[in-house]
Amino acid sequence: MAVLEIKTAGDPVLKKISEPVRKIDKRIKKLLDDMAETMYATEGVGIAAPQVGVSLRMVVVDVDKKRYDIINPEIISREGTNIDVEGCLSCPDLFGEVERAEKIRVKFTTRFHKEKILDAEGLLARCIQHEVDHLDGRLFIDIAKNIQKGKPQRGEQVK
């Protein structure tokens, strides 16, 4: 596995709508593993392929020590709303409040070619929504309120 370069705000790949993954092969599985390695090395909880310069619809999320490799995700339902502080590997040293659905249902393909539906809530739902935004060419700074510089402390409110 390898730690990949993370693209930052201003890179055109982050504004493109990503293409669907057509075939899950060794190259795609290696990219998922490299994305995970990059996410762990930078202490992230999620990463999308565009963040490493690849315009494909795939993300890796790890919440509560459970890794999800999500290929061609489609959020099929949303419920409730929640405002919380977010940051992003592609927007270093920025954070802000983002309103997202509290619960989602997402349909996707696994690295093992299995179609799945996942019901997610809380942090997992927030992470998946954040990463799917990347696949649609959106950064959290495009929708955040009260953007600030620095690193938020756990539980800190943005002023």
Side-chain angles (χ1 to χ4, degrees), residues 6-7 9 13-22 24 28-29 31-33 35-36 38-40 42-52 54-148 150-159:
I6 295 177
K7 304 299 182 185
V13 73
L14 295 173
K15 288 302 195 177
K16 288 175 59 177
I17 295 176
S18 299
E19 295 293 322
V21 174
R22 304 258 182 242
I24 302 169
I28 292 296
K29 291 177 181 179
L31 180 57
L32 286 165
D33 291 338
M35 288 168 56
T38 304
M39 176 185 71
Y40 294 132
T42 55
E43 300 180 10
V45 293
I47 192 166
Q51 292 181 275
V52 295
V54 180
S55 192
L56 287 174
R57 296 190 75 77
M58 48 195 265
V59 305
V60 176
V61 173
D62 189 326
V63 172
D64 295 328
K65 299 187 192 287
K66 181 162 175 144
R67 177 175 148 184
Y68 299 87
D69 293 348
I70 300 173
I71 300 169
N72 297 329
E74 178 187 348
I75 297 174
I76 54 178
S77 71
R78 299 171 195 263
E79 185 180 320
T81 60
N82 183 313
I83 297 173
D84 206 347
V85 175
E86 290 185 20
C88 181
L89 298 175
S90 292
C91 305
D93 298 322
L94 293 177
F95 64 98
E97 293 177 330
V98 179
E99 183 174 342
R100 302 231 184 244
E102 175 62 30
K103 296 179 183 180
I104 62 167
R105 175 170 280 179
V106 60
K107 182 173 120 180
F108 65 98
T109 304
T110 71
R111 68 186 295 136
F112 304 108
H113 310 273
K114 301 243 188 284
E115 293 286 322
K116 285 215 165 181
I117 293 180
L118 173 66
D119 291 315
E121 61 183 275
L123 181 59
L124 180 58
R126 177 167 293 279
C127 290
I128 292 170
Q129 290 170 88
H130 177 110
E131 301 311 331
V132 169
D133 275 356
H134 278 296
L135 304 181
D136 294 331
R138 251 187 325 272
L139 295 172
F140 94 97
I141 56 175
D142 298 330
I143 58 173
K145 298 177 178 86
N146 306 320
I147 297 172
Q148 293 185 16
K151 302 256 187 239
Q153 300 302 312
R154 194 168 286 284
E156 178 179 356
Q157 297 298 309
V158 180
K159 297 170 180 62

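Below, each value reflects all heavy atoms present in this structure, side chains not excepted, and no hydrogens, waters or symmetry copies.
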Is it the case that atom [atom1] in [X] sees more than 12 heavy atoms from other parts of the structure closer than 6.0 Å?
X	atom1	value
K116	NZ	no
R105	CZ	no
E43	CD	no

Beyond-backbone contact of [X] with [Y], side-chain heavy atoms, under 4.5 angstrom:
X	Y	result
K16	P50	no
H134	V59	no
I76	I117	yes
L118	L124	yes
L123	D64	no
M35	Q51	no
P73	I128	no
R57	I17	yes

Between [X] and [Y], what is the shortest heavy-atom contact and its length?
X	Y	value
L89	G44	CD2-CA, 4.3 Å
K15	D142	NZ-OD2, 2.7 Å
R111	D69	NH1-OD2, 2.8 Å
I83	R126	C-NH2, 3.9 Å
C91	I141	SG-CD1, 3.9 Å
V63	C127	CG2-SG, 4.0 Å

For this session: Would you mind checking if D62 and R67 are paired as a salt bridge, meaning a charged N to carboxylate O distance below 4.0 Å?
Result: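 Salt bridge flag = no for D62 with R67.
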Let me confirm one number: the [atom1]-[atom2] distance from [X] to [Y], rounded to the nearest 0.5 Å.
X	Y	atom1	atom2	answer
E19	N72	CD	CG	10.5 Å
F95	D84	CZ	CG	12.0 Å
E102	E79	CD	CD	9.0 Å
K107	I75	NZ	CD1	13.5 Å
M58	I24	CE	CD1	9.0 Å
L135	E131	CG	CD	8.0 Å

Exercise. Pick one: which of D133, T81, N82 meets side chain to side chain donor-acceptor pair (under 3.5 Å) with R100?
Worked result: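 It is D133, the one option of D133, T81, N82 that forms the side chain to side chain donor-acceptor pair (under 3.5 Å) with R100.
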Exercise. Within the distance-only criterion (no hydrogens, no angle test), does the side chain of Q129 pair as donor or acceptor with the backbone N or O of A101 below 3.5 angstrom?
Worked result: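 Judged by distance alone, yes, a pair lies under 3.5 Å.
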